[in-house]
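Below: the structure, in structure tokens.
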Amino acid sequence: MYHFKNKLQSSPARNLSPINQFVSPYEECGVFGACGTLDAAAHTALGLHALQHRGQEAAGIVSCETNSDRSLSNLHHHHAIGKVGDNFGDGVIIAKLRGFSAIGHNRYSTTGGSVNAANIQPLIAELSFGALALAHNGNLTNAAIIRKKLISEGSIFRTTMDTEVVIHLMARSGKNNIKDALIEALKKIEGGYSLIVLDKDYLIGARDPYGIRPLMLGRLGDAYFLASETCAFDIIGAQHVRDIAPGEIIIIDKKKVHEQKPKKEATESLFPFPKVNPRFCIFEFVYFSRPDSQIENKDVYAVRKRMGAELSRENPIEADIVIPVPDSGVASALGYAEEAKCQFELGIIRNHYVGRTFIEPTDQIRNLGVKLKHNANRSVIEGKRVVLVDDSIVRGTTSKKIVAMVRDAGAKEVHMRIASPATTNACFYGIDTPSTEKLLASHMTTEEICKFIGADSLAYLSVDSLYRAVGEAKRNNEIPQYCDACFTGDYAVELKDKNAGLVNKGYDC
């Protein structure tokens, strides 16, 4: 979900609180779709609730009634700023979202600034063949070029998102049905994306040819579901059927679902794109996906434990305890401790109730930002040689404060271990990272970063060890098995907007 902030359209600068300002990269959003259930809107709200780690700033649900009407009046929607439970916990709202099918979207989490309500998805539009709703996860790498051309030809945009480009391309496709119009539009866009489209007749899911962003198919009785992660199926008791394949467009026919046809007759899969070698985002395993999810037929929790074990084998150190930086470092720290045969402890306690900054962010309060979110457990740390395990270092400011916090709690030594390679490059496929020059590892050596954060030692997981943790022998440098551009600079899809000088990493919020 790329937001434009350049010559095409200006928007307010992103204003993150001192607590959350690039503590870690942010996933852009989560998507969910339901078809064939009387509780479609309620199931969608529950699915979005399970996907809130992918976005907490705003959420939207669009439902569709199955009748002869193809106009916008057939779609019912509710879009709101804030968390899912705050906006969809009211049964009155869910009751208004009538229909046996629905799609929903979680927007990424930021704090401060103002939210452009027009950017809350799913987007709704009425085209020549009828009304539709669209929810999108990811970034398009040629959207700015397409948008500029469309505007010059008279198109009018109401959002700052690349998602709207897809709808305009569908409208201009000349096709008289949603399936052909979507295929025509997707053939013109590039980047990493998964999207869900809903109209009177179909629920459609699509992944980019490289499969960079995730999308899953689930089933509960005669109902079908699409979601960014399997944890969204668990909350409603649905079964994970399979991952949508890279380059696949899956079409769920509402009529056949209602007729309770067998599963194979209710869904149709199309592969309209030239086949390429898949490059799923490896950072989903490192950080974004919930540890209880299954992605690419792999258990995320188990993969993260293996990352920690590989990290221990590669970078051993004499220590008394291993402690995670919660919550993202927990599974890797467990794996590290088991492999090192070292005691695992919860040496840092996280306050789970920190949200938007509730006091004026003066310099003094800004320095307390990390302590609002984390606190050292002195009884565990004092007098110990500590291994601190985290998933990544972005700008390094948070790592620096956490190392200082552990030292202040009486640690004799603090050794930082990162369960992924050094993040050296910005992402353009759906991860909200700072620009490359603001990534610490892009311009500092490991020794310089170690000194900057104040640790006694610092080590990262190697790229090959990360690949071993996800089940590969090593990285195939000729044909990489995953998208790992944030670590290697090897981008899966050409960055046409960036190369044309049209990319700006400031996001509208």
Side-chain angles (χ1 to χ4, degrees), residues 27-66 75-109 120-122 133-137 194-198 203-205 213-244 250 252 254 257 288-295 300-301 327 352 355:
E27 174 59 72
E28 284 309 302
C29 49
V31 294
F32 188 91
C35 180
T37 169
L38 182 62
D39 299 316
H43 279 146
T44 300
L46 288 168
L48 292 181
H49 179 78
L51 295 171
Q52 277 190 119
H53 58 289
R54 303 182 76 91
Q56 302 157 36
E57 183 189 56
I61 294 176
V62 177
S63 68
C64 183
E65 293 187 272
T66 302
L75 300 179
H76 309 289
H77 65 91
H78 184 75
H79 296 75
I81 297 164
K83 293 183 173 60
V84 174
D86 296 334
N87 294 315
F88 295 97
D90 186 347
V92 175
I93 292 173
I94 293 296
K96 291 179 179 178
L97 299 172
R98 301 183 302 276
F100 288 85
S101 59
I103 64 172
H105 183 275
N106 277 339
R107 182 181 165 91
Y108 70 88
S109 174
I120 303 175
Q121 295 190 46
L134 186 150
H136 165 224
N137 170 30
S194 62
L195 55 85
I196 301 177
V197 186
L198 176 69
L203 175 68
I204 303 175
R213 301 260 65 84
L215 189 64
M216 321 289 178
L217 175 68
R219 194 174 187 196
L220 176 61
D222 296 316
Y224 290 84
F225 303 92
L226 295 168
S228 294
E229 292 183 38
T230 60
C231 62
F233 300 146
D234 295 337
I235 198 171
I236 61 172
Q239 176 189 2
H240 173 216
V241 177
R242 63 178 178 87
D243 291 17
I244 304 304
I250 183 167
I252 302 170
K254 292 184 184 180
V257 170
F288 292 127
S289 294
R290 257 177 48 169
D292 53 332
S293 282
Q294 306 280 325
I295 54 173
V300 175
Y301 178 76
D327 288 324
H352 289 266

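Position 1 is the first residue of the sequence; numbering continues from there.
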#### Entry: Any donor-acceptor pair under 3.5 Å from Ser101 side chain to Ala34 backbone
no

### Query
Aromatic rings Phe233 and Phe225: how do their planes relate, parallel, tilted or perpendicular, breaks at 30° and 60°?
tilted

### Message
For a quick check under 3.5 Å, do His76 and Glu65 share a side-chain donor-acceptor pair by atom type?
### Response
yes

### Query
CG/Leu226 to OG/Ser194 distance, rounded to the nearest 0.5 angstrom?
9.5 Å

### Message
Once rounded to the nearest 0.5 Å, what's the spacing between atom CG of Asn106 and atom CG of Leu48?
### Response
4.5 Å

## Note on the structure
When rounded to the nearest 0.5 Å, the distance separating CG of Leu203 from CD1 of Ile250 is 9.0 Å

### Task
Can you see which heavy atom on Lys254 is nearest to which on Cys35, and at what distance?
CG-SG, 3.7 Å

#### Entry: Point-to-point distance, once rounded to the nearest 0.5 Å, from CG of Leu198 to CG of Leu75
6.5 Å

### Query
Any side-chain heavy-atom pair from Arg107 and Gln121 closer than 4.5 angstrom?
no

### Query
Looking only at heavy atoms, what is the nearest atom pair of Ala41 and Ile61, with distance?
O-CD1, 3.9 Å

### Query
Hey, what do you get for CD (Gln239) to OG1 (Thr230), rounding to the nearest 0.5 Å?
12.0 Å

### Task
Can you see which heavy atom on Ala59 is nearest to which on Ile120, and at what distance?
O-CG2, 3.7 Å

### Query
Does some side-chain heavy atom of His136 sit less than 4.5 Å from a side-chain heavy atom of Pro122?
no

### Task
Using modelled atom types only, decide if a donor and an acceptor are shared between the side chain of Arg213 and the backbone of Leu215 within a distance under 3.5 Å.
no

### Query
Gly36 and Ala223: which non-hydrogen atoms are nearest, and at how many Å?
O-CB, 3.7 Å

### Query
Is there a donor-acceptor pair under 3.5 Å between the side chain of Asn87 and the backbone N or O of Lys83?
yes

### Task
Start with the C-alpha gap between Phe100 and Leu38, add the side-chain angles, then the distance that decides, and say whether side-chain contact (heavy atoms from CB on, under 4.5 Å) holds.
CA-CA 5 Å; Phe100 288 85; Leu38 182 62; 3.9 Å; yes

### Task
For atom NE2 of His77, decide whether the heavy atoms of other residues, nucleotides or ligands shown that lie under 6.0 angstrom number more than 12.
no

### Summary
Contacts satisfying salt bridge (charged side-chain N to carboxylate O under 4.0 Å, His left out) that involve residues 226-244 (not counting sequence neighbours) are Arg54-Glu229, Arg242-Glu248

### Flag side-chain contact, heavy atom, 4.5 Å: Leu195 against Val31
no

### Summary
Smallest heavy-atom separation, Gly104 atom then Ala135 atom, equals O-CB, 4.0 Å

### Task
Answer whether the closest heavy-atom distance between the side chains of Val62 and Leu97 falls below 4.5 Å.
no

### Message
How close do Thr44 and Ala102 get, counting heavy atoms only, and between which atoms?
### Response
OG1-CB, 3.6 Å

### Message
For His78, I'd like to know if atom NE2 has over 12 heavy atoms of other residues, nucleotides or ligands within 6.0 Å.
### Response
yes

### Query
Taking C-beta and beyond as the side chain, do Val241 and Met216 meet within less than 4.5 Å on heavy atoms?
no

### Query
Considering only heavy atoms from C-beta outward, does the side chain of Phe288 approach that of Val300 to under 4.5 Å?
no

### Message
Just verifying a value: how many Å separate Ile94 CD1 and Ser63 OG, rounded to the nearest 0.5 Å?
### Response
9.0 Å

### Task
For Asn137 and Ile196, run side-chain contact (heavy atoms from CB on, under 4.5 Å): C-alpha distance rounded to whole Å, both residues' side-chain angles, the deciding distance at 0.1 Å, then the answer.
CA-CA 9 Å; Asn137 170 30; Ile196 301 177; over 6 Å; no

### Message
I'd like to know whether Ile103 forms a side-chain contact (heavy atoms from CB on, under 4.5 Å) with His105, so could you lay out the CA-CA distance, the side-chain angles of the two residues, the decisive distance to 0.1 Å, and finally the verdict.
### Response
CA-CA 7 Å; Ile103 64 172; His105 183 275; over 6 Å; no

